[in-house]
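Just so we're clear, the structure is a prediction, and the values are computed from it rather than from any experiment.
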Amino acid sequence: MSTTSTRVAIITGGAQGIGEAIALRLADEDINVVIFDVKGKESLLESLVKKIEAKGRKAFYVVGDVTNEADIKGAVDKTVETFGGLDIMVANAGILFMKPITECTPEDFNRVLGVNTLGVMLAFKHAAQQMIKQGRGGRIIGASSLSGKQGMADVSLYCASKFAVRGMTQATALELQKHNITVNSYAPGLILTPMVVHPDDDKHGGLGSVVLMNPALKPGTKGATPSVVAELVAYLIKPEAHFVTGQTITIDGGQYFD
Ligand SMILES: NC(=O)c1ccc[n+]([C@@H]2O[C@H](COP(=O)([O-])OP(=O)(O)OC[C@H]3O[C@@H](n4cnc5c(N)ncnc54)[C@H](O)[C@@H]3O)[C@@H](O)[C@H]2O)c1
């Protein structure tokens, strides 16, 4: 992996939440950042680009859908064209989906696995192709979840999508080892982002309180800010992290022990 010049990262689902925190954290590491998110998030994306530029880094955003291969390939191509290469891919975009299995439909399955699993696969694939071509190694990071380690009631499709990311992380890490590319994922517990907003939060104690009522969680479980995940990613992209690959790293305040 190149350590001498400014590296370049793409972060999918980077307009808000964990992705936004990662984008800002990587900008502190002399990394130019491309943020990828869906149509409708342009004002968040524009303001994030300005915040990254204020840190002295270069940035731009791409509007697209992680389930669309042309959008992901286009983002990688534009990144290479603009910044000269790609060193880090953070396949962060994801959607939460809660419904008992008795009510889940094939359409639900395709939507949740589409964004959370196919979206990660396409980001892994196009980042890997580019990094192999460059021949200077790289870092690929995916978004799994505590729900990718342990089943929880009423989130069967979300769990399926996040367990799949964990498997894909292990297999891809083995395939890319010879190219000096590490592949890891983060598996957070409750992180206080727009994803965990519930209309009844105010009645139960604020952001994340309804999600925390899930009986699968240990009593006393708390949420954390997105910065805890961003800091883990900041480690995974360091030269010293070359020895960490194929891992889906739990970061959940002690909910689940591997
Ligand atoms: N917040 C948590 O408690 C938590 C816990 C475990 C894992 N995660 C995972 O971390 C990742 C980030 O979560 P977050 O809490 O920041 O969520 P969030 O909802 O706040 O942000 C997710 C971002 O992904 C984008 N996105 C959704 N679908 C997309 C698509 N098809 N194409 C491109 N972008 C898309 C959204 O527009 C949004 O900006 C997700 O994969 C999530 O499953 C979150």
Side-chain angles (χ1 to χ4, degrees), residues 1-39 41-66 70-93 119-120 122-143 176 179-186 226-227 229-242 244-245:
M1 185 172 64
S2 164
T3 52
T4 49
S5 58
T6 299
R7 287 184 289 162
V8 179
I10 297 178
I11 299 153
T12 70
Q16 64 184 45
I18 294 171
E20 178 190 20
I22 293 169
L24 290 167
R25 184 63 186 84
L26 293 193
D28 291 334
E29 296 286 327
D30 194 23
I31 290 164
N32 291 332
V33 181
V34 178
I35 316 143
F36 181 100
D37 212 303
V38 289
K39 199 168 162 32
K41 294 279 163 88
E42 288 85 347
S43 62
L44 289 174
L45 290 163
E46 272 160 31
S47 108
L48 182 54
V49 164
K50 286 196 186 110
K51 284 187 203 160
I52 294 167
E53 287 171 346
K55 288 171 178 280
R57 302 278 79 77
K58 291 181 184 149
F60 67 87
Y61 70 83
V62 174
V63 169
D65 186 323
V66 290
D71 287 356
I72 290 288
K73 186 176 181 325
V76 171
D77 290 347
K78 191 171 176 209
T79 300
V80 173
E81 202 181 291
T82 312
F83 291 149
L86 176 66
D87 303 286
I88 298 157
M89 169 64 84
V90 187
N92 166 76
V120 170
L122 293 174
F124 278 21
K125 171 184 170 179
H126 288 282
Q129 285 183 348
Q130 178 59 31
M131 289 171 185
I132 291 167
K133 196 156 64 176
Q134 289 170 183
R136 64 183 197 220
R139 299 292 157 96
I140 295 179
I141 297 164
L176 299 184
H179 300 286
N180 201 17
I181 300 166
T182 68
V183 186
N184 294 288
S185 290
Y186 41 84
S227 62
V229 181
E231 208 54 45
L232 175 65
V233 171
Y235 168 69
L236 290 172
I237 58 92
K238 282 192 195 304
E240 295 79 4
H242 69 88
V244 181
T245 196

*Asks:* Mark yes or no for whether N184, through its side chain, and L236, through its backbone, hold a donor-acceptor pair below 3.5 Å.
*Replies:* no

*Asks:* Between A23 and L48, what is the shortest heavy-atom contact and its length?
*Replies:* CB-CD2, 4.2 Å

*Asks:* Take I132 and L176 through the test side-chain contact (heavy atoms from CB on, under 4.5 Å) and record every step on the way to the result.
*Replies:* CA-CA 8 Å; I132 291 167; L176 299 184; 3.9 Å; yes

*Asks:* In terms of side-chain geometry, is the basic nitrogen of R7 or E29 positioned less than 4.0 Å from the acidic oxygen of its partner?
*Replies:* no

*Asks:* Could you work out, with side chain to side chain donor-acceptor pair (under 3.5 Å) as the rule, every residue matching T79, not counting sequence neighbours?
*Replies:* none

*Asks:* Go through the structure and list residues passing side chain to side chain contact (heavy atoms under 4.5 Å, CB included) with L122, not counting sequence neighbours.
*Replies:* E69, I72, L118

*Asks:* Looking at side-chain heavy atoms only, is the closest gap between I18 and N92 below 4.5 Å?
*Replies:* yes

*Asks:* Please list, chain by chain and in numerical order, all residues satisfying side chain to side chain donor-acceptor pair (under 3.5 Å) with N32, sequence neighbours excluded.
*Replies:* none

*Asks:* Knowing that exactly one of K125, M131, K133 qualifies, which makes a side chain to side chain contact (heavy atoms under 4.5 Å, CB included) with Q129?
*Replies:* K125

*Asks:* What pairs with K73 under salt bridge (charged side-chain N to carboxylate O under 4.0 Å, His left out), at least two apart in sequence or on another chain?
*Replies:* D77

*Asks:* Under the side chain to side chain donor-acceptor pair (under 3.5 Å) test, which residues partner S227, sequence neighbours left out?
*Replies:* T225

*Asks:* With side-chain contact (heavy atoms from CB on, under 4.5 Å) as the criterion, how do L26 and I11 come out once you've worked through the C-alpha distance, each side chain's angles and the decisive distance to 0.1 Å?
*Replies:* CA-CA 10 Å; L26 293 193; I11 299 153; 4.2 Å; yes

*Asks:* Are the side chains of M89 and V76 in touch, meaning some heavy atoms are under 4.5 Å apart?
*Replies:* yes

*Asks:* With sequence neighbours excluded, tell me which residues meet side chain to side chain contact (heavy atoms under 4.5 Å, CB included) with A93.
*Replies:* T12, V66

*Asks:* Using side chain to side chain contact (heavy atoms under 4.5 Å, CB included) as the criterion, list what pairs up with H242, not counting sequence neighbours.
*Replies:* R139

*Asks:* Of all heavy-atom pairs between S185 and A143, which one has the smallest distance, and what is that distance?
*Replies:* OG-N, 4.4 Å

*Asks:* Determine whether Y186 and V90 satisfy the following criterion, side-chain contact (heavy atoms from CB on, under 4.5 Å), listing intermediate values before the conclusion.
*Replies:* CA-CA 10 Å; Y186 41 84; V90 187; 3.8 Å; yes

*Asks:* Suppose we screen for side chain to side chain donor-acceptor pair (under 3.5 Å). Which residues come up paired with E231, at least two apart in sequence or across chains?
*Replies:* R25

*Asks:* If the condition is side chain to side chain contact (heavy atoms under 4.5 Å, CB included), which residues does Q16 pass it with, not counting sequence neighbours?
*Replies:* K41, L44, P194

*Asks:* Please give me the minimum heavy-atom distance between Y235 and V244, naming the atom from each residue.
*Replies:* OH-CG2, 3.8 Å

*Asks:* Determine the minimum heavy-atom distance between L45 and I35, stating which atoms define it.
*Replies:* CD2-CG2, 3.6 Å

*Asks:* Can you give each donor-acceptor pair under 3.5 Å made by side-chain atoms of residues 49-63, sequence neighbours left out, with the distance rounded to 0.1 Å?
*Replies:*
| unit_1 | atom_1 | unit_2 | atom_2 | d |
| --- | --- | --- | --- | --- |
| K55 | NZ | D28 | OD1 | 2.9 |
| K55 | NZ | D28 | OD2 | 3.4 |
| R57 | NH2 | D30 | OD1 | 3.4 |
| Y61 | OH | E46 | OE2 | 3.1 |

*Asks:* Taking all heavy atoms of A127 and all of I140, pick out the closest pair and write down the distance.
*Replies:* CB-CD1, 4.0 Å

*Asks:* Could you walk me through whether F36 and D71 pass side-chain contact (heavy atoms from CB on, under 4.5 Å), step by step?
*Replies:* CA-CA 9 Å; F36 181 100; D71 287 356; 3.9 Å; yes

*Asks:* Atom CD1 of I22 and atom CD1 of I237: how far apart are they, to the nearest 0.5 Å?
*Replies:* 11.0 Å

